[in-house]
Trainee: 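Below you will find the structure I want to go over with you.
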Amino acid sequence: EGVCVWRMVRHMFSNLLLLWSISHDLYITGLTYHNLFSVPLDLDVRLRRLDLSNNFIRQLHTLALPYLEQLDLSSNQLDLISEGAFENLARLEELNLSRNVLNNNVGSNGKALQSISRLKSLDISMNGLSDDAVELYLRNKSSLDQLKMTGNALTRLSHNLFKESEGLRVITIDDNQISVIEQGTFEPLSQLETLNLAKNNLAHICDFKLHQVKYLNLSRNSVEFFVTREDDQLYRLEILDLSHNKLLYFPIVPKMNSLRYLHLQNNLVGTLNSEATMVSEANALYYEIMNEKTVRKNNLHSNWRLMPLIYIDLSYNHFRSFPLETFNHLLSLETLNFSYNCLQNITWNVRNDESGYRRQLFFPSLKYLDLQSNGLVYISPLFLNALTQIETLNLQDNSVQPCASMDQSAPQINLNTSCVVFGQLRTLKHLNLKENNIKMLQPNTFLKTSLVSLNLARNSHMGMQVGSLEGVQKTLQSLFISEINMTSSDLSLPCMPVLTQLNISNNRLDVIPSSLSCSPLREIDIRNNHFASLNHSLFLALSVHLNLMYISGNYFNCCDSKWLTILHELKGKLPDVSDTVCFTSDSNITITEYLKNPSVYCLFHTKISLSASVCVLLCIIDVALTLVMKYNGKCGNSYAVHNIYILYLITRICWHFSF
Ligand SMILES: *[C@@H]1O[C@H](CO)[C@@H](O)[C@H](O)[C@H]1NC(C)=O
Ligand SMILES: *[C@@H]1O[C@H](CO)[C@@H](O)[C@H](O)[C@H]1NC(C)=O
Ligand SMILES: *[C@@H]1O[C@H](CO)[C@@H](O)[C@H](O)[C@H]1NC(C)=O
Ligand SMILES: *[C@@H]1O[C@H](CO)[C@@H](O)[C@H](O)[C@H]1NC(C)=O
Ligand SMILES: *[C@@H]1O[C@H](CO)[C@@H](O)[C@H](O)[C@H]1NC(C)=O
Ligand SMILES: *[C@@H]1O[C@H](CO)[C@@H](O)[C@H](O)[C@H]1NC(C)=O
Ligand SMILES: *[C@@H]1O[C@H](CO)[C@@H](O)[C@H](O)[C@H]1NC(C)=O
Ligand SMILES: *[C@@H]1O[C@H](CO)[C@@H](O)[C@H](O)[C@H]1NC(C)=O
Ligand SMILES: *[C@@H]1O[C@H](CO)[C@@H](O)[C@H](O)[C@H]1NC(C)=O
């Protein structure tokens, strides 16, 4: 979309410039054409930019545009470029030939392309190009800075390929079938910073040598291992994407590296049982590849120790235990994505120190830890202790039971219990415990944390003891307790003076907790509950801050509706009001319908109460009259009988109306 907008803007802008320059008789800057079958003949020689993309052009003959800098011929049917086609384009710097059929007439096209050595950017993606064609097309390109060859038919990159384009800085060759990269293909490209080889067939990176490259994308190949021979060179690699491959081990990275982002998601790392096995096998592999007989040291760890990594994604791998000692080396690591592995338990499986004591390791920079969907039951308190800077912990879709708070006077950690102690995570701000099958939230569970957001959703049948949010009620801004099947008597919330977002949808609630009057709620979701009406004064207090409220899926009584009048003022802040139904004594209508003319729908209701009060009044008068008559004894029995009959009638009518 961004590209489209940019193109539009670019076209508008260039057309404007065109008008401007025509009227000022200056260089023409840009021009765009549509529905062309060949290049127009009457082009202004002063053109600098020509966009002929998305036409039906099949052949390109000599262009005489000495000022042309950018030429876009993408998405045509170009299969023949005359040898001399570009000879008179002395200033051409950017050429886009993507989405054509340039795997034909390779000889002629090759000669044409070889004649433009000033080119800085060339895009020959999606042309069905073979290895040989590309080798021809890349000759005489000493100024080339960016090259894009996405979606061709390359299988092998030879050391001759970039021989005449050694200034390349950015190379994108994703989505080909490359399985071989010859020694010396990229090494001579001293300016190379960005190399994208995603979606190819590469299986082994045995000897990574590109110390100049900053960004390397090897995602979606079949890479089984990635090994760098240890040397004392500084590698500039900052971003390495090895996701969606077949890695069994962590990559063996350069000793002196600048790696900050490491993408290893969707691999097979952790398949081998223990961390120790994995590390020793990786090292054994290293020495095997280096042709040395014995493993001399722990290369994996010694190199990881020097890595300034801040982000690692290991989601969708096969870990059954947490690689504590490996991560312990990553002193700058801030984000660790460990979701979708098979951890079950995080035990403190660390070798003891020399004197036999249990070692406490730390993850001193870790702020964001994602452990979603691991089947976790148990997390050692020593592990949680190691998370000294943790801010966000995602434990969604596990089986973790939070512990009640520890006795504060004896802060000893009970290593035996299978529940998880959150109280010690003092830096924790965001905790996701959605879908953990939590049975009971004990008092003081989060006592010493400073939680800002807490997600307890979809723990169906979870009980919440009074005081379970004790200690976080002053910091909590966002609370999710949806899909728990809770009734109002199960829900007790403290006064939370900074709570702005609350989701209590999909429960069986019929009363909004009145403690919410403390909270400056901006967003509230009460969908799919048993509310028949909302407390008017509470709702009035809430409506001051309310910005978004979801209410559908309840069974509201239209005629018990003092609170509904407030809805009028909240118009536009109730996205699902038109899906919300309320009932009157004889029908269900949408609240929107009801609000259009409230008096019509509940008229009957109003009448009933009116007639009922009139009846009661009449009855009282009648009884009083009768008594007075009787007392005076004037009109005798017949009047009394008559009166009793009328009283009977009125009572019947009254009875009929009142109920
Ligand atoms: C070339 O054109 C295609 C299709 O219009 C576009 O997606 C691509 O980004 C262009 N290449 C460059 C290097 O601008
Ligand atoms: C390389 O390009 C230059 C012009 O930039 C041209 O003079 C020269 O003939 C080209 N070489 C070949 C082999 O085409
Ligand atoms: C690597 O390439 C893949 C496939 O094109 C892409 O999805 C991914 O975002 C890239 N990785 C990085 C870190 O840019
Ligand atoms: C972690 O990985 C999962 C699965 O790939 C993804 O959905 C989630 O957004 C990632 N988390 C972070 C913080 O990147
Ligand atoms: C995890 O720990 C529980 C009890 O602490 C134990 O029953 C279970 O077998 C352990 N699971 C694994 C995979 O180690
Ligand atoms: C913890 O377990 C060990 C044996 O597994 C037992 O000896 C010890 O008494 C237990 N401690 C507590 C506090 O339950
Ligand atoms: C919610 O609780 C009710 C009553 O205990 C029960 O009948 C119903 O099946 C529960 N619903 C879910 C989704 O657990
Ligand atoms: C509230 O929670 C439900 C169920 O967990 C979810 O579908 C809904 O999108 C949430 N509402 C908001 C406003 O995020
Ligand atoms: C309505 O809410 C107010 C607080 O705003 C509370 O004092 C009152 O008791 C509530 N009424 C009912 C019927 O719950």
Side-chain angles (χ1 to χ4, degrees), residues 7 10-11 14 18 27-154 161-165 167-168:
R7 282 179 65 101
R10 199 175 69 178
H11 289 174
S14 53
L18 174 64
Y27 286 133
I28 294 182
T29 312
L31 210 49
T32 308
Y33 284 94
H34 295 295
N35 287 320
L36 294 178
F37 286 82
S38 61
V39 179
L41 294 171
D42 53 347
L43 292 170
D44 192 308
V45 287
R46 296 167 301 175
L47 266 180
R48 287 198 200 153
R49 205 158 57 220
L50 181 55
D51 183 354
L52 295 169
S53 64
N54 295 295
N55 284 295
F56 307 93
I57 300 170
R58 306 190 64 149
Q59 299 193 352
L60 190 67
H61 301 295
T62 308
L63 289 168
L65 299 167
Y67 299 104
L68 197 67
E69 289 163 10
Q70 297 173 19
L71 176 57
D72 188 349
L73 279 160
S74 63
S75 302
N76 278 280
Q77 290 159 12
L78 200 61
D79 67 353
L80 177 65
I81 306 178
S82 311
E83 283 179 26
F86 299 130
E87 256 161 19
N88 298 324
L89 303 181
R91 294 201 182 177
L92 191 65
E93 291 186 344
E94 290 177 30
L95 178 58
N96 194 336
L97 294 169
S98 69
R99 294 177 190 273
N100 283 289
V101 275
L102 293 173
N103 52 325
N104 300 309
N105 306 310
V106 171
S108 165
N109 298 342
K111 288 204 176 104
L113 280 161
Q114 282 165 34
S115 67
I116 30 174
S117 66
R118 292 183 60 137
L119 218 50
K120 288 194 176 139
S121 162
L122 175 63
D123 190 341
I124 45 175
S125 305
M126 317 286 276
N127 270 285
L129 299 177
S130 65
D131 298 332
D132 295 339
V134 167
E135 205 174 313
L136 272 181
Y137 292 178
L138 293 184
R139 295 227 179 112
N140 204 16
K141 297 277 175 301
S142 51
S143 308
L144 203 58
D145 178 74
Q146 300 196 33
L147 171 64
K148 200 165 171 212
M149 306 198 285
T150 304
N152 282 296
L154 299 181
L161 189 59
F162 303 112
K163 209 170 56 187
E164 294 178 41
S165 53
L168 275 167

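Heads up: numbering here begins at 1 and tracks the sequence. Both backbone and side-chain heavy atoms feed into the values below; hydrogens, waters and symmetry mates do not. The structure displayed is predicted, hence computed values, not measured ones.
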Trainee: Please report the interatomic distance CD(Gln77) to CD(Gln59), rounded to the nearest 0.5 Å.
Mentor: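 Rounded to the nearest 0.5 Å, the CD-CD separation comes out at 11.5 Å.
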Trainee: Within the structure provided, determine whether Asn55 and Phe37 are in side-chain contact (heavy-atom separation under 4.5 Å).
Mentor: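 Asn55 vs Phe37: side chains apart.
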Trainee: Counting N and O atoms only, with roles assigned by atom type, does the side chain of Ser143 sit under 3.5 Å from a partner on the main chain of Leu119, one being a donor and the other an acceptor?
Mentor: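 Side chain of Ser143 to backbone of Leu119: no pair is present.
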Trainee: Are Leu138 and Leu122 side-chain neighbours, meaning at least one heavy-atom pair lies under 4.5 Å?
Mentor: yes
Trainee: Check the pair Leu97, Leu78 against side chain to side chain contact (heavy atoms under 4.5 Å, CB included), reporting the backbone distance first and the verdict last.
Mentor: CA-CA 8 Å; Leu97 294 169; Leu78 200 61; 3.9 Å; yes
Trainee: Can you find a pair of side-chain heavy atoms, one from Val134 and one from Leu154, that are under 4.5 Å apart?
Mentor: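 With C-beta onward as the side chain, the pair touches.
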Trainee: Is there a side-chain contact between Asn104 and Leu80 in this structure, where contact means two heavy atoms from C-beta onward sitting under 4.5 Å apart?
Mentor: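 Side-chain contact under 4.5 Å: no.
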Trainee: Take Val39 and Leu52, measure what side chain to side chain contact (heavy atoms under 4.5 Å, CB included) needs, and give me the verdict at the end.
Mentor: CA-CA 8 Å; Val39 179; Leu52 295 169; 4.2 Å; yes
Trainee: Find the distance between CG (Leu41) and NE2 (His61) and round it off to the nearest 0.5 Å.
Mentor: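 These two atoms lie 10.0 Å from each other.
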Trainee: Looking only at heavy atoms, which two atoms of Ile124 and Asn152 are closest? And how far apart?
Mentor: O-ND2, 3.0 Å
Trainee: Return the minimal non-hydrogen interatomic distance between Leu129 and Asn103, and the atom names on each side.
Mentor: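 The answer is CD2-N, 3.7 Å.
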Trainee: Quick one: does any side-chain atom of Lys163 pair with a main-chain N or O of Leu161 as donor and acceptor, under 3.5 Å?
Mentor: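 Side chain of Lys163 to backbone of Leu161, a donor-acceptor pair under 3.5 Å: no, none is there.
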Trainee: Is any side-chain heavy atom of Met126 less than 4.5 Å from a side-chain heavy atom of Arg99?
Mentor: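 Yes. Closest side-chain heavy atoms under 4.5 Å.
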Trainee: Quick one, Gln146 and Leu168 - any side-chain contact, counting heavy atoms below 4.5 Å?
Mentor: no
Trainee: With a 4.5 Å limit on heavy-atom distance, are the side chains of Asn140 and Ile116 in contact?
Mentor: no
Trainee: Working to the nearest 0.5 angstrom, can you tell me the gap between Arg49 CZ and Glu94 CD?
Mentor: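 Answer rounded to 0.5 Å: 9.0 Å.
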Trainee: State the CZ-CG distance between Arg48 and Leu68, to the nearest 0.5 angstrom.
Mentor: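 Reported to 0.5 Å precision, the distance equals 10.5 Å.
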Trainee: Ignoring hydrogens, what is the shortest heavy-atom contact between Ser115 and Phe86? Give both atom names and the distance.
Mentor: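 That would be OG-CB, 4.0 Å.
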Trainee: Closer than 3.5 angstrom, by distance alone: can the side chain of Asp51 be matched with the main-chain N or O of Ser53 as a donor-acceptor pair?
Mentor: yes
Trainee: For the CG atom of Leu144 and the OG atom of Ser121, what is their distance to the nearest 0.5 Å?
Mentor: 7.5 Å
Trainee: Between Asp123 (side chain) and Ser98 (backbone), is there a donor-acceptor pair under 3.5 Å?
Mentor: no
Trainee: Less than 4.5 Å apart, side chain to side chain, heavy atoms only: is that true for Phe56 and Leu36?
Mentor: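 No, every pair of side-chain atoms sits at 4.5 Å or beyond.
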Trainee: Any side-chain donor-acceptor pair under 3.5 Å between Ser74 and Asp72?
Mentor: yes
Trainee: Write down the atom of Asp79, the atom of Asn105, and the distance for their closest heavy-atom approach.
Mentor: O-ND2, 2.8 Å
Trainee: What are the two closest heavy atoms between Leu60 and Ala85, and how far apart are they?
Mentor: O-CB, 3.9 Å
Trainee: Is Asp132 reaching over with its side chain to a backbone N or O of Ser130, donor-acceptor style, under 3.5 angstrom?
Mentor: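 No.
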Trainee: Between Tyr137 and Leu102 (side chain of the first, backbone of the second, donor and acceptor by atom type, cut-off under 3.5 Å), is there such a pair?
Mentor: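 Judged by distance alone, yes, a pair lies under 3.5 Å.
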Trainee: Working to the nearest 0.5 Å, report the span between OG of Ser82 and NZ of Lys111.
Mentor: 12.5 Å
Trainee: How close do Asn76 and Asn100 get, counting heavy atoms only, and between which atoms?
Mentor: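 Closest approach of Asn76 to Asn100, heavy atoms only: C-OD1, 2.9 Å.
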Trainee: Let me see the working for Lys141 and Leu113 under side chain to side chain contact (heavy atoms under 4.5 Å, CB included), right down to the final yes or no.
Mentor: CA-CA 9 Å; Lys141 297 277 175 301; Leu113 280 161; 4.3 Å; yes
Trainee: Determine, stepwise, if the pair Glu93 / Lys120 fulfils salt bridge (charged side-chain N to carboxylate O under 4.0 Å, His left out).
Mentor: CA-CA 5 Å; Glu93 291 186 344; Lys120 288 194 176 139; 3.4 Å; yes
